[in-house]
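Working notes, beginning with the structure itself.
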Amino acid sequence: MSSTTSSRKWSQLVPALAATIGAFGCGNVLAWPAPALEAIVDCADCDISLTEEEGSWVAAIAYIGCVCVGPFAGFLMPRLGKKWTMIILALPFIAGWLMIIFSVNAPMLYIGRLLTGFSAGAFGLLAPSYTSEIAEPSIRGALGSLQQLVATLGVLFVTVVGKYVTWRVLSGILLVFPTLMAVWMFFMPESPVFLISKGRRDDAKKALLFLRGPHIDVEPELLTIEQNVEASKHVGSVGFVTLISDKVYLIPILLSMVLMFLQQFSGVNAVISYAVQIFKDAGLEDTLDPFICNILVAISQSVFVVVSMLLVDRFGRKVLLIASDFLMSVSLIALGVYFYLKFEVDSKAETYISEDTLKDLAVVPLVALLSFIAAFSIGFGPLPWVLNSELFSKEAKAPASAFCASFNWMCSFLVVKLYPTADESLHTHNTYFFFGAICLLGTVFIMLFVPETKGKTEEDMKEYFKGKKQLKEEENIGYQSEEK
């Protein structure tokens, strides 16, 4: 076998695409409420009806599933490997969609959404992790970025199909994807890293020969994997008490938690979950189809995720986070101003704005939400997750990242669940002013406290938080320990 022959790429792309279907399914779950809840509410002769409170639970309870799946997936992965963990997690995914399809009351919808959220939350971690372990370094970054893009395409798929079919038919179509993923993954190789960790060297070699090609000398890569697995055994781990008591671990945890809070309390998942209703509330039905507006928002998200991929290694994390949060703030405040003017007109208060003028401004909500999603996608969509990995040292990465990820999903639940209540009790304009203020404060926080992690090793960040190492002068903007 030649060691100079180029390895084949299709045999790495095929299993990566199989895993990516799980990420596509995650996007389906997040976007499903926007068209489905509107269809249920607007259906006069349906055998199921929902109050506003029940609708908010249907939208939000999926995120509780996302919170709960972490320990379950964490238990299975080191024992069964990522391949079989994904196949097993397809089962609640399938069961959840079946429950939704045949639901006749709100509790059945709750259970279905909880199950689909349970599986969806795992694939955000499993798909990129599996891909990183099967792909060679030259294409690992591109395949890893593919997961994020495909998740947004999952959102886009739901918004497009949801306009033209009933919510039950939509749910039936979405059932296909976890089923396809499970069948496809069955024929794919297990991660060579997992196989080596279990002492199955021959199986790891077979997997690598499939992934790289039968004429490739995989022995050097096998040796590297063995060395990395052995080294990881000596890294150790840290307990929860140490994580919250030692500032070397506590400071990056707090930074990551704040970034997760800022991501979710920008209101992004409220926009994704209730987009159709938001456009209806804005009074766009007379000029623009709210479902078409929802599709345009989803297209904007997919396009600007690609833009983010092109920019992140050119400008770094911090610049994009600052630009993203500031532009999100501007967009949300503009949306708040529009809803304030609409509130004034609707309440017949004395105002300089007439109904005709408000109709002329009807495009503002669409432009504002398109701008908001675009700004979110270039920075605050992917980068809090990137920093959730890059801020931590090796021994703290697994528990700290998992904790912050669960915190993110819990924030998602709170925003999606409470948005309808806030919209009604605080008025729509105040809700968006609140989200805009969070983004503005977040911009200042990032400028003052968040360090640049581009090009930094785990050891660099550990020494930085110890206060024993300065980052490059132009990047050394953020949290600084007083201890020298």
Side-chain angles (χ1 to χ4, degrees), residues 7-30 66 69 72-73 76-97 115-158 173-198 200 203-214 216 218 221 225 302 305 309:
S7 62
R8 64 188 186 190
K9 303 298 187 289
W10 68 262
S11 52
Q12 300 172 63
L13 179 62
V14 169
L17 287 175
T20 297
I21 296 175
F24 186 88
C26 181
N28 296 160
V29 172
L30 300 185
C66 294
V69 75
F72 181 79
L76 290 184
M77 279 192 292
R79 291 165 175 80
L80 301 180
K82 296 177 176 65
K83 168 186 171 177
W84 282 103
T85 300
M86 284 190 280
I87 292 173
I88 289 172
L89 282 169
L91 298 179
F93 222 151
I94 293 168
W97 284 125
L115 289 172
T116 54
F118 182 82
S119 293
F123 282 102
L125 166 68
L126 285 167
S129 182
Y130 173 78
T131 299
S132 70
E133 292 184 2
I134 65 166
E136 61 188 55
S138 63
I139 60 172
R140 188 174 297 153
L143 290 182
S145 299
L146 182 66
Q147 319 295 327
Q148 182 190 343
L149 174 61
V150 170
T152 65
L153 292 177
V155 172
L156 177 60
F157 181 85
V158 169
I173 294 171
L174 300 183
L175 170 65
V176 171
F177 298 108
T179 307
L180 175 62
M181 187 277 299
V183 174
W184 192 341
M185 281 302 301
F186 180 82
F187 297 99
M188 295 298 100
E190 181 54 271
S191 156
V193 176
F194 169 75
L195 294 172
I196 288 292
S197 72
K198 294 300 181 182
R200 297 164 57 185
D203 290 336
K205 185 173 183 178
K206 290 177 184 177
L208 276 178
L209 286 172
F210 171 83
L211 293 165
R212 308 294 184 257
I216 300 297
V218 297
E221 187 171 358
I225 293 174
S302 298
V305 161
M309 293 175 189

task = Could you please spell out the steps behind the side-chain contact (heavy atoms from CB on, under 4.5 Å) verdict for Ile87 and Leu80?
result = CA-CA 10 Å; Ile87 292 173; Leu80 301 180; over 6 Å; no

Below 4.5 Å, heavy atoms only, C-beta onward: do [X] and [Y] meet side chain to side chain?
X	Y	answer
Leu174	Val158	yes
Val29	Trp97	yes
Phe210	Arg8	yes
Gln148	Pro128	no
Leu17	Leu13	yes

Expected output: side-chain [X] to main-chain [Y] donor-acceptor under 3.5 Å:
X	Y	value
Thr152	Leu149	yes
Asn28	Gly154	yes
Arg212	Lys9	no

inquiry  = If you compare all heavy atoms of Gln12 against all heavy atoms of Leu211, which two are closest, and at what distance to 0.1 Å?
reply    =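 The answer is CG-O, 3.2 Å.
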
query = side-chain contact (heavy atoms from CB on, under 4.5 Å) with Pro15: which of Ile134, Thr20, Thr131?
reply =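 The option that passes is Ile134.
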
Side chains of residues 176-193: which donor-acceptor partners sit under 3.5 Å, not counting sequence neighbours?
unit_1, atom_1, unit_2, atom_2, d
Thr179, OG1, Leu175, O, 2.9
Glu190, OE1, Lys83, N, 3.4
Glu190, OE2, Lys83, N, 3.4
Ser191, OG, Glu133, OE1, 2.4
Ser191, OG, Val193, N, 3.2
Ser191, OG, Phe194, N, 3.3

Just how far is it from atom [atom1] of [X] to atom [atom2] of [Y], taken to the nearest 0.5 Å?
X	Y	atom1	atom2	answer
Leu195	Leu208	CG	CG	9.0 Å
Ile225	Glu221	CD1	CD	5.0 Å
Cys66	Leu30	SG	CG	6.5 Å

task = Please report the C-alpha distance between Leu89 and Val69 in whole Å, then the side-chain angles of each, then the deciding distance to 0.1 Å, and finally whether the side-chain contact (heavy atoms from CB on, under 4.5 Å) criterion is met.
result = CA-CA 9 Å; Leu89 282 169; Val69 75; 4.1 Å; yes

query = Looking at Phe93, Phe157, Phe123, which hits ring pair (Phe, Tyr, Trp, His ring centres under 6.0 Å) with Phe24?
reply =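 Only match with Phe24 under ring pair (Phe, Tyr, Trp, His ring centres under 6.0 Å): Phe157.
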
message = Students often mix this up, so state it plainly: with edges at 30° and 60°, are the rings of Phe72 and Phe118 parallel, tilted or perpendicular?
response =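 Rings of Phe72 and Phe118: tilted, as their planes differ by 30° to 60°.
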
